[in-house]
Amino acid sequence: MTLHFGFVAAAVAAVLIFTWIRRIYDQDKVERLLAHVPTHVFADGNNSRARYISDLRTLLESGYRKYNKRDQAFKISIPIGGYSVKYRVVLPKNHLEEVKHLSNNVFSWQLASRVIFAQDFTGAPDRGAWSGKALRVGIHQNLDGITSQLDARINRHYELNLPQNKGQSATINMMAFFVPTVTFVTNAVLVDSRLSSDPEWLQRTAEFAVNRYGAADDVRSWPPYLAGLVAPFIPSVRRLQEQRKYVMRTLKPVYEELNAKSQLSDNDKAERRKGMFGYEWLWSGSPNDVTLLDFSDTMMRTLIAAIHTTAKTISVAFVDLLAQPELLTDLVQEAKDAIDPDGQNIDLNKLIKLDCFLKESQRLSPVFLCE
Ligand SMILES: *[C@@H]1O[C@H](CO)[C@@H](O)[C@H](O)[C@H]1NC(C)=O
């Protein structure tokens with residue numbers, strides 16, 4: 001469930017942020033294309049980078065009131081360094097359905113993330129156009145099976161990392177606690193116990209998720225025309241390359257196993273959905289003959305995409321819950337009611353209040369807007 005909400009969070013964030021960055025290298029063209037969209041700036045004239053970092057929410061909110069409420073779009077500058085997306089366009093809500101249904105070659109999160117995360121320079125794994133869909137479909141089709149697996153895994157992690165006796169307490173830093181938690185849990189869905197119980201694999205997967213963002217930041221501090229020259233020497237970029245090789249090396253046996261069972265090349269796509277773990281059912285929508293590089297890059301991207309979005313979503317939700325402890329009674333009661341009589345399974349469809357609570361939490365603090 002945790003994972004599921006993470007991907008939903010990522011998808012919602014992708015739509016919410018509305019990054020219009022086609023042909024980003026061609027800034028003039030972007031400039032011309034966006035000329036008719038008003039640029040919204042801080043009213044007091046302080047538009048420094050520090051201001052954007054500390055006060056973006058105010059800017060978005062005033063832009064929302066000034067433009068979006070009147071069904072108009074506006075754009076804001078993104079002063080994040082030399083190599084950067086120059087603008088973000090924030091569309092009014094009535095475009096949501098249209099944007100959600102635009103095809104990938106018109107409005108592409110894949111292309112956007114290549115630019116935002118400076119992918120061409122960091123060498124972070126690109127992701128096939130099909131894998132987002134494969135993941136969503138796979139997760140939904142396997143949700144029931146996944147849920148009990150996750151439940152056991154989460155309990156185990158909490159037992160190991162949180163005080164278990166009544167009256168005991170501990171202090172946690174939300175992200176420092178939830179990044180390893182989500183890494184531990186996500187791996188239980190994506191890979192089987194050979195890897196999900198391997199401490200090195202767990203540590204490395206948490207690390208490369210962090211490092212991927214770090215590498216993007218480091219590249220973006222250079223102007224685009226220098227980024228390509230400098231990138232191969234940036235330590236975080238080198239580490240990312242090394243991590244990518246590690247993933248490929250480690251996944252090779254698993255890949256060969258699936259290949260031997262023709263699960264990666266069978267024309268019958270339903271055949272590919274078989275299996276309990278992500279590494280087995282991820283390929284249902286993929287083209288035939290997934291290569292080892294596709295395989296390991298997709299797995300790596302999936303982990304990168306899952307870990308931080310989910311950790312952030314949960315951290316924010318916990319803070320929201322702490323601020324309104326009166327909600328807890330209802331949420332706990334709902335959770336109790338959703339457990340079937342033999343105490344084995346949870347009916348996720350009954351967790352309506354929890355679902356609403358998480359959606360509201362995400363609406364108020366979209367994962368891409370909180371630091
Ligand atoms: C602009 O805003 C930033 C962030 O709030 C602040 O640190 C900086 O001092 C401001 N600059 C001026 C000239 O007021």
Side-chain angles (χ1 to χ4, degrees), residues 9-10 12-21 24 27-28 30-31 34-70 72-93 112-113 115-118 121-122 173-176 178-179 209-227 230 234-236 308-309 311-320 322-324 360-371:
V12 169
V15 175
L16 270 175
I17 297 195
F18 307 120
T19 331
W20 187 285
I21 44 162
I24 199 63
Q27 287 291 0
D28 281 350
V30 172
E31 204 97 21
L34 296 179
H36 64 291
V37 179
T39 307
H40 186 57
V41 293
F42 287 103
D44 62 8
N46 181 352
N47 286 282
S48 62
R49 182 166 185 263
R51 187 73 184 281
Y52 277 85
I53 290 171
S54 66
D55 213 8
L56 183 60
R57 184 183 293 263
T58 317
L59 187 66
L60 287 172
E61 192 173 337
S62 56
Y64 168 77
R65 295 197 188 286
K66 187 167 173 190
Y67 297 103
N68 286 175
K69 281 212 134 181
R70 286 191 255 143
Q72 290 168 1
F74 66 96
K75 65 179 186 289
I76 54 170
S77 301
I78 301 288
I80 51 170
Y83 176 96
S84 78
V85 181
K86 201 162 179 187
Y87 294 115
R88 276 192 179 151
V89 173
V90 183
L91 298 175
K93 202 170 59 186
S113 59
V115 177
I116 294 169
F117 301 120
F121 301 120
T122 60
N173 170 314
M174 292 280 184
M175 283 302 274
F178 282 116
V179 166
V210 176
N211 190 43
R212 188 278 187 103
Y213 294 96
D217 282 344
D218 293 346
V219 166
R220 282 188 310 225
S221 63
W222 295 86
Y225 53 90
L226 287 180
V230 178
I234 299 175
S236 57
H308 276 70
T309 49
K312 189 70 97 180
T313 304
I314 296 194
S315 300
V316 171
F318 264 102
V319 171
D320 286 340
L322 288 171
Q324 303 158 88
E360 187 63 359
S361 169
Q362 288 175 49
R363 187 180 71 83
L364 293 171
S365 316
V367 72
F368 273 44
L369 287 186
C370 39
E371 275 309 320

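Indexing begins at 1, ligand by ligand and atom by atom, following the structure's order. We're numbering straight along the sequence, starting at 1.
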pair L56-I76: side-chain heavy atoms closer than 4.5 Å: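 Result yes, sub-4.5 Å side-chain heavy-atom pair found.
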Less than 3.5 Å apart, any donor N or O on the side chain of N211 or S236 sitting next to an acceptor on the other?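 No, S236 and N211 have no side-chain donor paired with an acceptor closer than 3.5 Å.
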Can you confirm, on distance only, whether ligand 1 has an N/O atom lying under 3.5 Å from any N/O atom belonging to N46?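 N46 vs ligand 1: N/O contact under 3.5 Å present.
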Under the 4.0 Å line, does any protein heavy atom show up next to atom 9 (O) of ligand 1?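 No, there is no protein heavy atom closer to it than 4.0 Å.
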Contact atoms of ligand 1, heavy-atom distance to S54 under 4.0 Å: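 Listed by number with element: 4 (C), 5 (O).
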For atom 7 (O) of ligand 1, find the nearest protein heavy atom and state the residue, atom name and distance (0.1 Å precision).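 Residue, atom and distance for the closest contact: A50 CB, 4.4 Å.
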So, D217 and R212, do they make that salt bridge, N to O below 4.0 Å?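 Here D217 does not pair with R212 in a salt bridge, since their nearest N and O are not under 4.0 Å apart.
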Drop me the distance from H40's NE2 to R65's CZ, to the nearest 0.5 angstrom.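 Between atom NE2 of H40 and atom CZ of R65 there are 11.0 Å.
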